[in-house]
Amino acid sequence: MMTNTLKIGLISISDRASSGVYQDAGLPALQEWFTQTLTSPWQCVTRLIPDEQPMIETTLIELADQEKCHLILTTGGTGPALRDVTPEATLAVAHKVLPGFGEQMRAVSLRYVPTAILSRQLGVTRGQSLILNLPGQPKAIKETLDGIFAAVPYCIDLIGGPYIETNPDVLTSFRPKSAQRQK
């Protein structure tokens, strides 16, 4: 059944936040960004989990295969630290790798911090789900989404998801003329 509502899976990956040491800031930052940016209907499913590769893989599979999320965003676990295994988990469940997303996320972040070269962010698909690995800090999440999201609606179109529209005062999504809907 085709739906007009974009279903977004949001996964915050943090040992300390998931164990209650501090409050997770990634999920609220993502929800706020989507509230300001999307004008088409959307809903989200959230998860807060530790940096454990099997759990990350299981959660990605659940959100893609059972929950049928069109877009799945992870936040955290993309650096070089020993516990950072989000990219490995993402690749383990991926059907296709979209290298341009990781390249662009790093390019965006390099405008702000030289340590962006340490990031291992990815973009992949699993079936009809687009999975993107984002940084963990709210400021970096916003900067990254602002820099890559223009391409996301068309990617969702291409993998069979709903038509996503954005608030042009916040962000203009790009589609080839042949893929644009007339108003």
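It should be emphasised that the depicted structure is a prediction, and the values quoted were computed from it without experimental measurement. Every heavy atom of this structure was used, including side-chain atoms; hydrogens, water molecules and symmetry mates were not.
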Measure across Gln104 and Ile148 and return the closest heavy-atom pair with its distance rounded to 0.1 Å. CG-CG2, 3.6 Å
Taking every non-hydrogen atom, the tightest pair across Val85 and Leu82: CG1-O, 4.2 Å
What I'd like to find out is whether the side chain of Thr172 reaches to under 4.5 Å of the side chain of Phe149, using heavy atoms alone. no
Exercise: identify the closest heavy-atom pair between Asp169 and Asn167: N-OD1, 2.8 Å
Does the side chain of Phe174 reach to within under 4.5 Å of the side chain of Pro153, using non-hydrogen atoms? no
Residue Gln23 excluded, over 12 heavy atoms near CD under 6.0 Å: no
Picking from Thr144, Thr86, Thr90, what satisfies side chain to side chain donor-acceptor pair (under 3.5 Å) with Asn133? Thr90
Derivation and outcome, side chain to side chain contact (heavy atoms under 4.5 Å, CB included), residues Ile117 and Leu110: CA-CA 7 Å; Ile117 62 172; Leu110 275 168; 3.6 Å; yes
Do Leu27 and Asp24 come within less than 4.5 Å of each other through their side chains, counting heavy atoms only? yes
Are Asp65 and Arg126 close enough for a salt bridge, meaning some N to O gap below 4.0 Å? yes
Measuring from atom CG of Leu132 to atom CG of Leu145, what distance do you get when rounded to the nearest 0.5 angstrom? 8.0 Å
Answer yes if Tyr112 and Trp33 sit in the same cluster of Ile, Leu, Val, Met, Phe, Trp and Tyr residues linked by side chain heavy atoms under 4.5 Å apart, and no otherwise. no
Would you say Tyr163 and Ser40 make side-chain contact, with heavy atoms under 4.5 Å? no
Looking only at heavy atoms, what is the nearest atom pair of Ile49 and Met55, with distance? CB-SD, 3.7 Å
Hey, what's the ring geometry for Trp42 with Phe34, parallel, tilted or perpendicular (30° and 60° as the breaks)? tilted
Does this structure show an ion pair linking Arg120 with Glu88, if we count only N-O contacts that are shorter than 4.0 Å? yes
Going by side-chain hydrogen bond (donor to acceptor under 3.5 Å, both in side chains), name the pairs with one or both residues in residues 45-55, residues two or more places apart or in two chains. Arg47-Glu62, Glu52-Arg83, Gln53-Glu57
Could you check if a side-chain atom of Ile156 sits within less than 4.5 angstrom of a side-chain atom of Leu130, using non-hydrogen atoms only? yes
If you take all heavy atoms of Ser18 and Asp15, which pair is closest and at what distance? OG-O, 3.1 Å
Is there a side-chain contact between Glu165 and Leu38 (heavy atoms, below 4.5 Å)? no
His70 side chain to Lys7 backbone, donor-acceptor under 3.5 Å: yes
Compare all side-chain heavy atoms of Thr78 with those of Asp84 and state whether any distance is below 4.5 angstrom. no
Atom pair CG (Leu10) and CG (Leu48), whose distance is rounded to the nearest 0.5 Å: 11.5 Å
Are Leu91 and Leu63 connected in a single hydrophobic cluster, I mean Ile/Leu/Val/Met/Phe/Trp/Tyr linked by side-chain heavy atoms less than 4.5 Å apart? yes
How long is the straight-line distance from CG of Leu60 back to CD1 of Ile72, given to the nearest 0.5 Å? 6.0 Å
CD on Glu143 to CG on Leu134, rounded to 0.5 Å: 12.0 Å
Does Val152 belong to the same Ile/Leu/Val/Met/Phe/Trp/Tyr cluster as Val170, with side-chain heavy atoms less than 4.5 Å apart forming each link? yes
Would a hydrophobic clustering, with Ile, Leu, Val, Met, Phe, Trp and Tyr connected at side-chain separations under 4.5 Å, put Leu73 with Leu158? no
Hydrophobic clustering (ILVMFWY, side-chain heavy atoms < 4.5 Å, transitive) - are Ile8 and Phe101 grouped together? yes
Closest heavy-atom contact between Met105 and Gln121? CB-OE1, 3.5 Å
Would you give the length of the straight line joining atom OG1 of Thr75 to atom CG of Leu30, rounded to the nearest 0.5 angstrom? 6.0 Å
Quick one: are Ile56 and Ile13 in side-chain contact, heavy atoms under 4.5 Å? yes
Any donor-acceptor pair under 3.5 Å linking the side chain of Ser119 with the backbone of Ala116? no
Do His95 side-chain atoms and Gly127 backbone N/O form a donor-acceptor pair below 3.5 Å? yes
